[in-house]
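Single-structure report; data block below.
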Amino acid sequence: MFTNILVAVDGSEISIKTLETALTEAKVWNAQLNVVYVLETGLFDDIPADETMEYIRNMLEQQGLNVFSYAEKRCEEEGVALKTHLKKGHAGIEIIAAATDLSADLIVLGSHAKSDIEKILLGSVTTHVVRHSHVSTLVVRA
């Protein structure tokens, strides 16, 4: 039924559970698994660039790369084909765009962000994707 699955991760505990769910689906359907991590550049647009902001941006990017390493290890263990995608921008918009660009037929994402404050500041990425995507979406609950 599914041949190309996109899973969105943010380094949180729920996103690891989400990744594991997507990995299970990819294995069941013998599907390609695409993992996307979005560096929310909107957080930095109105803040003057300085060493501190660059440090934060680099930390967030490294977090994405760490999640990719975990995904690569797990996919290798399970025999699932994997591609990783680091995007920059608004997470909801970038996830939908990645699903379109990659011809994904399933998006898997967590029910909430890393923290409640992020949900307030950024809006619910999950809600945005569910409302605006034309691709079937699986929401993994904590």
- How close do I95 and V125 get, heavy atom to heavy atom, and via which atoms? CD1-CG1, 3.7 Å
Looking at [X] and [Y], would you say the former's side chain and the latter's main chain have a donor-acceptor pair under 3.5 Å?
X	Y	value
S12	S15	yes
K17	R141	yes
D105	N4	yes

Just how far is it from atom [atom1] of [X] to atom [atom2] of [Y], taken to the nearest 0.5 Å?
X	Y	atom1	atom2	value
N58	Q62	CG	CD	9.0 Å
T18	D10	OG1	CG	8.0 Å
E72	K83	CD	NZ	13.5 Å
L109	I14	CG	CD1	10.0 Å

Are [X] and [Y] connected in the hydrophobic side-chain network, where two residues link if heavy atoms are under 4.5 Å apart?
X	Y	result
F68	M59	no
V139	V108	no
L138	W29	yes
V9	L86	yes
V80	Y70	yes

Is the closest side-chain heavy-atom distance between [X] and [Y] below 4.5 Å?
X	Y	result
K88	V38	no
Q32	T3	no
L33	C75	yes
L82	V35	yes

- With side chain to side chain contact (heavy atoms under 4.5 Å, CB included) as the test, would you mind laying out the steps for I93 and H128 before giving the verdict? CA-CA 8 Å; I93 292 169; H128 179 87; 3.9 Å; yes
- Might you confirm whether atom CD of E77 has over 12 heavy atoms from other residues, nucleotides or ligands at distances under 6.0 Å? yes
- Worked verdict on R131 versus T127 for side chain to side chain contact (heavy atoms under 4.5 Å, CB included): CA-CA 6 Å; R131 284 187 179 161; T127 300; 3.7 Å; yes
- Item | side chain to side chain contact (heavy atoms under 4.5 Å, CB included), paired with Y37, selected from V7, L60, N66, L65 | L60
- Message: Please enumerate all residues that pass side-chain contact (heavy atoms from CB on, under 4.5 Å) together with S133, with sequence neighbours excluded.
- Response: I96, I107, V129, V135, T137
- Task: Please assess N34 against I5 for the test side chain to side chain contact (heavy atoms under 4.5 Å, CB included), listing each intermediate value before the final yes or no.
- Result: CA-CA 6 Å; N34 293 279; I5 299 172; over 6 Å; no
- Message: Walk me through whether R74 and E76 qualify under side chain to side chain contact (heavy atoms under 4.5 Å, CB included).
- Response: CA-CA 5 Å; R74 290 293 294 123; E76 185 177 325; over 6 Å; no
